[in-house]
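Accompanying notes for the structure given below.
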Amino acid sequence: MRTILRTAALTAVALMTATACGGGEGSTAGGEGPAPADADLTVVTGVYPLEWLAQEVGGEGVAVLQLTEPGMEPHDLELTGRQIGELTEADLAFYVSGLQPAVDEAVEQEASDRALDVADVVELHPVGEGGHDHGDDDGHGHEDEHGHAEDGHAEDEHGHEDEDEDGHAEEEAQGDGHDHGDFDPHFWLDVDLMATTAQALGERLGELNPDAADEYTANAEAVSADLEAIGREYEEGLASCERNEVVVGHTAFSYLTEHYGLEQVGVSGVDPDSEPSPTQIADIADFVREHGVTTIFTEPLMPEATAQTIAAETGASVEVLDPLEGVTDDSPGDDYPSIMRGNLEALRTALSCS
């Protein structure tokens with residue numbers, strides 16, 4: 001596989017060189033920042049929050065290349081030869097292991113000595129922390145939110161054999177519907193962890209380009225201050241709420257809900273593109289009614305059908321809670337800070353916060 005990747009990478013590099021004036025190859029994320037040929041450093045990443053962080057910390061002298069096309073599901077990324085070439089030529093691969101298997105493999109084989117893995121910077125949460133799936137018994141508190149295997153067996157006692165076959169085997173293997181291994185990679189929904197990552201990125205960029213080290217440090221401090229401000233808004237905005245249950249389809253919000261004392265309840269643990277079973281839908285509808293939940297959250301990059309079905313059965317509304325895996329027209333903002341603030345307003349409304 002290494003030979004195949006290396007060959008693809010070298011071919012891609014040749015193509016990028018031949019088409020450098022075309023503007024399409026090797027373009028920077030969002031069309032912002034310098035082109036790689038004009039930049040002091042080039043950083044490659046595969047998910048929006050890291051792209052935003054690299055742009056903010058790197059400043060005008062750093063080109064940031066995004067591997068995931070806008071509007072695409074980042075977990076399903078498959079790298080082209082051109083993208084492998086970009087990764088091979090970059091000064092830094094900035095990624096979080098476990099999120100995108102294709103990126104993990106390419107980094108290991110092509111850029112292991114030029115990589116910054118967020119998993120080495122912050123402590124990622126084990127999959128299953130900070131929430132539970134639809135099968136948890138009503139009334140479970142946070143102390144019961146760490147054992148999906150036990151939850152699955154409990155559901156067997158209620159006769160949900162079809163769910164055990166169709167849902168729980170996959171849930172227990174995959175956690176939130178994607179094979180992230182043992183740890184949840186969605187750390188960016190915790191602003192404190194994002195600030196820690198910003199500092200580490202600033203330090204690493206300074207090592208790569210000592211002449212601009214002071215600029216990177218100052219940028220990282222400014223980003224950290226912005227993140228701290230968002231964190232204070234969340235603390236104040238969620239301090240007094242009538243409910244704490246957050247019903248979502250894709251359990252990507254554990255870092256956010258755990259940080260602010262909320263309870264994440266997932267419709268199912270299957271892939272967001274898959275339809276949950278009728279039993280799963282019935283279970284979550286029961287939970288919604290019994291707990292007085294008023295909002296079912298969906299995401300910009302996942303289908304709304306299941307959320308709409310549950311809402312129709314329970315009288316709840318359907319709103320967007322954005323896991324910030326990408327920016328789309330349906331996102332409640334156009335960058336990381338505005339989307340985080342949009343998520344806060346959505347939560348405050350759904351939880352009846354004062």
Side-chain angles (χ1 to χ4, degrees), residues 71 73 75 130-140 145 148 151-152 154-155 158-168 170-171 174-178 189 238 241-254 256-257 262-326 328-333 339 342-353:
E73 168 58 58
H75 304 84
H132 64 263
D133 64 28
H134 66 279
D136 285 302
D137 289 338
D138 298 341
H140 278 195
E145 295 168 8
H148 283 229
D151 296 339
E155 287 190 303
H158 293 287
H160 295 173
E161 296 177 357
D162 57 334
E163 184 177 340
D164 181 64
E165 293 178 3
D166 297 336
H168 284 286
E170 190 169 2
E171 285 170 24
Q174 297 183 352
D176 64 353
H178 303 280
L189 291 170
L238 299 174
C241 303
E242 294 182 8
R243 291 174 295 279
N244 73 340
E245 298 89 357
V246 181
V247 177
V248 298
H250 173 209
T251 53
F253 299 91
S254 298
L256 188 154
T257 54
L262 305 176
E263 180 182 6
Q264 176 183 234
V265 181
V267 172
S268 69
V270 297
D271 190 289
D273 293 329
S274 300
E275 290 294 330
S277 70
T279 300
Q280 291 171 306
I281 294 175
D283 282 347
I284 200 68
D286 288 344
F287 183 94
V288 167
R289 283 188 288 262
E290 292 169 12
H291 290 78
V293 173
T294 62
T295 306
I296 311 299
F297 285 114
T298 187
E299 304 171 19
L301 294 177
M302 71 178 291
E304 289 188 8
T306 299
Q308 293 289 357
T309 297
I310 296 169
E313 292 184 6
T314 62
S317 63
V318 175
E319 302 294 341
V320 169
L321 194 65
D322 197 325
L324 271 156
E325 294 178 341
T328 75
D329 291 340
D330 295 324
S331 296
I339 293 174
N343 281 345
L344 173 58
E345 290 308 308
L347 287 169
R348 282 177 49 79
T349 299
L351 303 179
S352 298
C353 303

Main-chain N/O of [Y] paired with [X] side-chain donor or acceptor, under 3.5 Å:
X      : Y      : value
Glu299 : Leu301 : no
Thr294 : Ala350 : yes
Ser331 : Thr328 : yes

To the nearest 0.5 Å, what is the distance between [atom1] ([X]) and [atom2] ([Y])?
X      : Y      : atom1 : atom2 : result
Glu313 : Ile284 : CD    : CD1   : 11.5 Å
Ile281 : Thr309 : CD1   : OG1   : 5.5 Å
Ile310 : Phe287 : CD1   : CZ    : 11.5 Å
Leu351 : Glu245 : CG    : CD    : 8.0 Å
Asp286 : His291 : CG    : NE2   : 11.0 Å

* Step-by-step side chain to side chain contact (heavy atoms under 4.5 Å, CB included) determination, Asn244 to Leu238 -> CA-CA 9 Å; Asn244 73 340; Leu238 299 174; over 6 Å; no

Determine the minimum heavy-atom distance between [X] and [Y], stating which atoms define it.
X      : Y      : value
Leu321 : Phe253 : O-CZ, 3.2 Å
Asp322 : Pro300 : OD2-CG, 3.4 Å
Phe297 : Val246 : CD1-CG1, 3.8 Å
Gly266 : Thr251 : CA-CG2, 3.5 Å
Pro323 : Ala252 : CB-CB, 4.1 Å
Arg243 : Gly292 : CD-O, 3.2 Å

* Asked: Does the side chain to side chain contact (heavy atoms under 4.5 Å, CB included) test come out yes or no for His250 and Glu325, once each step is laid out?
  -> CA-CA 12 Å; His250 173 209; Glu325 294 178 341; 3.4 Å; yes

* To do: I would like to know whether Leu256 and Leu347 meet side chain to side chain contact (heavy atoms under 4.5 Å, CB included); could you show each step before the answer?
  => CA-CA 11 Å; Leu256 188 154; Leu347 287 169; 3.7 Å; yes

* Should Thr349 and Thr295 count as side-chain neighbours, where that means a heavy-atom distance under 4.5 Å? ->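 Sidechains of Thr295 and Thr349: no contact.
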
